Amino acid sequence: MLYSEKVMDHFTNPRNVGKMDDADGIGEVGNAKCGDIMKIFLKIENDIITDVKFSTFGCGSAIASSSMATEMIKGKPLSQALELTNKAVVEALDGLPAHKLHCSVLAEEAVKAAVKDYYDKNGIEYDPEQFAQKHDCEHCGE
Ligand code: FES
């Protein structure tokens with residue numbers, strides 16, 4: 001079996017799908033190679049992510065990764081969301097095939113972009129280092 005049960009579960013029954021009209025932060029990222037796009041919406045109160053939604057136009061692994069990532073950051077402080085790596089998402093999914101690891105990178109990037117959007121919109125100062133990519137993907141060459 002190429003995909004773990006968790007990947008299949010999050011692909012066929014993704015959590016937190018949708019959009020948010022009153023989002024406090026929105027992150028949209030795309031993968032230049034495959035053309036897939038992921039958008040993450042955050043509702044933030046007192047530095048805590050109180051709600052999160054995603055819409056992903058992409059492959060099954062990208063959908064499963066975004067679903068898992070939203071579960072991992074919901075109810076958590078922003079500082080913890082910024083620590084989320086694609087590797088942690090992949091581990092939580094019980095793995096992805098090597099050539100699909102790059103799909104999970106979109107989830108890490110979309111979460112970071114959404115937090116950054118929130119900081120920018122609210123004039124909150126931050127250390128740009130926090131947004132440095134920590135992803136681990138042997139295929140994207142970054
Ligand atoms: Fe594009 Fe998976 S193939 S994100």
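Note that the coordinates shown come from a computational prediction; the quantities given were computed from them, not determined experimentally. When a residue number appears, it is its place in the shown sequence, counting from 1. Counting starts at 1 for both ligands and their atoms, in listed order.
At a cut-off of 2.8 Å, C34 is not counted among the residues with an N, O or S atom near atom 2 (Fe) of ligand 1. Taking backbone and side chain together, H102 holds no N, O or S atom under 2.8 Å from atom 1 (Fe) of ligand 1.
D36 has its closest N, O or S atom to atom 1 (Fe) of ligand 1 at the position named OD2.
Evaluation of the ring pair (Phe, Tyr, Trp, His ring centres under 6.0 Å) rule for Y119 yields Y126 as partners, not counting sequence neighbours.
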Could you please spell out the steps behind the salt bridge (charged side-chain N to carboxylate O under 4.0 Å, His left out) verdict for D22 and K43?
CA-CA 8 Å; D22 58 347; K43 190 87 201 129; 3.8 Å; yes

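With a 4.0 Å cut-off on non-hydrogen atoms, S61 does not touch ligand 1 at all.
A donor-acceptor contact shorter than 3.5 Å is absent between the side chain of D117 and the backbone of A113. For the pair D36 (side chain) and T56 (backbone), a donor-acceptor distance under 3.5 Å is absent. Under a 3.5 Å cut-off, the side chain of S67 and the backbone N or O of R15 do form a donor-acceptor pair. Between the D24 side chain and the I44 main chain, a donor and an acceptor come within less than 3.5 Å of each other.
Near A62, meaning under 4.0 Å from one of its heavy atoms, ligand 1 places the atoms 4 (S). If you number the atoms of ligand 1 from 1 as listed, the ones under 4.0 Å from a heavy atom of C59 come out as 2 (Fe), 3 (S), 4 (S).
Using a 4.0 Å heavy-atom cutoff, K100 is listed among the residues neighbouring ligand 1.
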